[in-house]
Amino acid sequence: QNFAAEILGYAADKVKIHSHTMGGGFGRRASKTADFVSEAATIAKGEVWPVKMVWTREDDFRSGYYRPKYVHKGRMALNSVGDIVGWEQRVVGQRISVGGIVAGGKSAAFDASQVEGLTHFPYAVENIKIEAHPLITPVPTLWWRSVGHSHTAFVMESMVDEAAHTARVDPVTYRRKLYRNNARMLAVLDKVAEISAWGCKLPASTGLGVAVHDAYSFKGVCAQVAQVRVTGKQFKVEKVYCVIDCGFAVNPNGVRAQMESCIIFGLNGVSGEITFDEGRVVES
């Protein structure tokens, strides 16, 4: 509203925005510059007829905002029976700022989405050290679906798998002990292990991987098991089992649609990418 008013030369209360009930923007519509609204207002300025503006898919790919890039470095200390007694995780990534204020707070040096999932540490570990360091680049960034959880959960649960492997303990069994202070995580873990028939014999070159995450900021706990077949250096995700504790489901179909599309987003994150060449987006 404010951007359109400024471009059109009106007071903000003279601009009416018609909000449509439609699919999610997954972070894209939270544009810091209201770019598509601003462009439509610029085109429509001075016209007496309604103007409709539609971006092409190529426009959207090459002129949008992008998921921030992150690098994590994690270390753990295990005791003699394989329990995690120390956890250190360092996060370096691009900040997301909105209207001059960094997401999650007013400090220019910190963005809370860098450490979502880590600040509400879900595991039974006594000694924890978390660091976040900002990276400044000219690539415009915005949130990507589950925001900080999309990268922190991946690293956290990968580290748990490394610990289970080192301790030579089944990953589900190892997690039951690690989640002992989080009843909701335990419940979804047990359920996803049940529906995926965890521990049963699988076809050759096929394995199961498990992950659980407490998305505290969204008040939901999710567990998934991926059935993966490996051929040489290639792999294929054949099936994903999903359990979500989101509280009371007003519309179960909406919950199912959310989780199915989340899984698709996650799978795309494995292989999809945006690259830049001399400041321009390559993919269209």
Side-chain angles (χ1 to χ4, degrees), residues 67-96 102-105 107 109-135 143-190 192-193 198 207-226 243-245 262 266 269-270:
R67 180 201 186 177
K69 59 182 177 181
Y70 285 95
V71 173
H72 290 246
K73 183 175 183 179
R75 296 196 302 171
M76 295 172 293
L78 275 60
N79 63 16
S80 59
V81 294
D83 296 335
I84 303 172
V85 294
W87 182 295
E88 180 184 81
Q89 193 164 339
R90 183 174 296 151
V91 187
V92 178
Q94 293 168 276
R95 296 176 302 166
I96 299 172
V102 175
S107 168
F110 181 68
D111 174 359
S113 67
Q114 285 184 289
V115 289
E116 271 188 328
L118 282 164
T119 47
H120 176 75
F121 199 76
Y123 309 136
V125 176
E126 289 188 3
N127 304 293
I128 307 160
K129 181 182 180 183
I130 307 297
E131 293 183 17
H133 301 272
L135 174 69
W143 297 289
W144 191 65
R145 192 70 181 242
S146 56
V147 198
H149 298 284
S150 63
H151 57 93
T152 58
F154 172 78
V155 177
M156 292 162 74
E157 284 293 272
S158 296
M159 289 173 68
V160 170
D161 272 343
E162 293 285 352
H165 179 76
T166 302
R168 297 183 180 180
V169 177
D170 172 82
V172 168
T173 303
Y174 193 88
R175 281 170 168 81
R176 286 194 177 114
K177 191 173 182 180
L178 195 58
Y179 304 161
R180 61 185 177 272
N181 297 333
N182 194 319
R184 294 176 74 197
M185 289 182 79
L186 270 173
V188 293
L189 172 66
D190 287 342
V192 82
W198 185 274
L208 298 179
V210 63
V212 186
H213 189 64
D214 183 349
Y216 181 75
S217 59
F218 299 125
K219 299 180 174 61
V221 180
C222 184
Q224 294 188 12
V225 166
V243 175
I244 177 77
D245 170 7
C262 279
V270 174

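Computation of the quantities below employed the complete heavy-atom set of this structure, encompassing side-chain atoms and omitting hydrogens, waters and symmetry-equivalent molecules.
- Listed by chain and number, the residues in a ring-ring contact (aromatic ring centres under 6.0 Å, His included) with Trp144 are Phe265 (sequence neighbours excluded).
- Minimum heavy-atom separation, Gly82 to Tyr174: O-OH, 2.7 Å.
- Residues passing the side-chain contact (heavy atoms from CB on, under 4.5 Å) test with Ala77 are Val85, sequence neighbours excluded.
- A salt bridge between Asp161 and Arg175 is present, with a side-chain N of the basic residue lying under 4.0 Å from a carboxylate O of the acidic one.
- Taking every heavy atom of both residues into account, Pro171 and Ala164 meet most closely at CA-CB, 4.1 Å.
- Across all their heavy atoms, Arg145 and Cys262 have their closest contact at NH2-SG, 3.2 Å.
- Between Tyr123 and Ile84 there is no side-chain heavy-atom pair separated by less than 4.5 Å.
- No side-chain heavy atom of Val243 sits under 4.5 Å from any side-chain heavy atom of Val225.
- Each of Gln89, Arg90, Lys73 was evaluated against Glu131; a single residue qualifies, Arg90, per the side chain to side chain donor-acceptor pair (under 3.5 Å) test.
- Note that CD of Glu88 is 12.0 Å distant from CD1 of Ile128, once rounded to the nearest 0.5 Å.
- Taken from OG in Ser113 to OH in Tyr70, the straight-line distance is 4.0 Å, to the nearest 0.5 Å.
- Across every non-hydrogen atom of Ala132 and Gln114, the tightest pair is CB-OE1, 4.0 Å.
- Below 30°, between 30° and 60°, or above 60°: for Phe121 and Trp87 the angle between ring planes is above 60°, a perpendicular geometry.
- Within 6.0 Å of atom NE2 in His165, 12 or fewer heavy atoms from other residues, nucleotides or ligands are found, so the atom counts as exposed in its surroundings.
- At distances below 3.5 Å, at least one donor-acceptor pair connects side-chain atoms of Thr152 with backbone N or O atoms of Gly148.
- Counting non-hydrogen atoms of other residues, nucleotides and ligands closer than 6.0 Å to CZ of Arg75 gives a total of 12 or fewer.
- Listed by chain and number, the residues in a side-chain contact (heavy atoms from CB on, under 4.5 Å) with Arg184 are Asn182, Val221, Asp245 (sequence neighbours excluded).
- The shortest non-hydrogen separation linking Met156 to Pro122 is CE-CD, 3.6 Å.
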side-chain contact (heavy atoms from CB on, under 4.5 Å) between Val212 and Leu186, intermediate numbers included: CA-CA 9 Å; Val212 186; Leu186 270 173; over 6 Å; no
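- Atoms CD and NE2, on Glu116 and His151 in that order, are 7.5 Å from each other to the nearest 0.5 Å.
- In this structure, CD on Glu162 lies 11.0 Å from CG on Leu78, to the nearest 0.5 angstrom.
- The structure places CH2 of Trp198 at 12.5 Å from CG of Asp190, a figure rounded to the nearest 0.5 Å.
- Side chain of Ser158 to main chain of Phe154: a donor-acceptor pair is present (N/O by atom type, distance under 3.5 Å, no hydrogens or angles).
- We find the CE-CG distance between Met76 and Asp83 to be 12.5 Å, quoted to the nearest 0.5 Å.
- Between the side chain of Gln94 and the backbone N or O of Lys69, at least one donor-acceptor pair lies under 3.5 Å.
- The two atoms that bring Arg176 and Ala193 nearest to each other are NH2-CB, 4.3 Å, heavy atoms only.
- Residues Ile130 and Thr119 fail the side-chain proximity criterion, which asks for heavy atoms closer than 4.5 Å.
- Note on ring orientation: taking the six-membered ring where Trp is involved, the planes of His149 and His213 are perpendicular (angle over 60°, cut-offs 30° and 60°).
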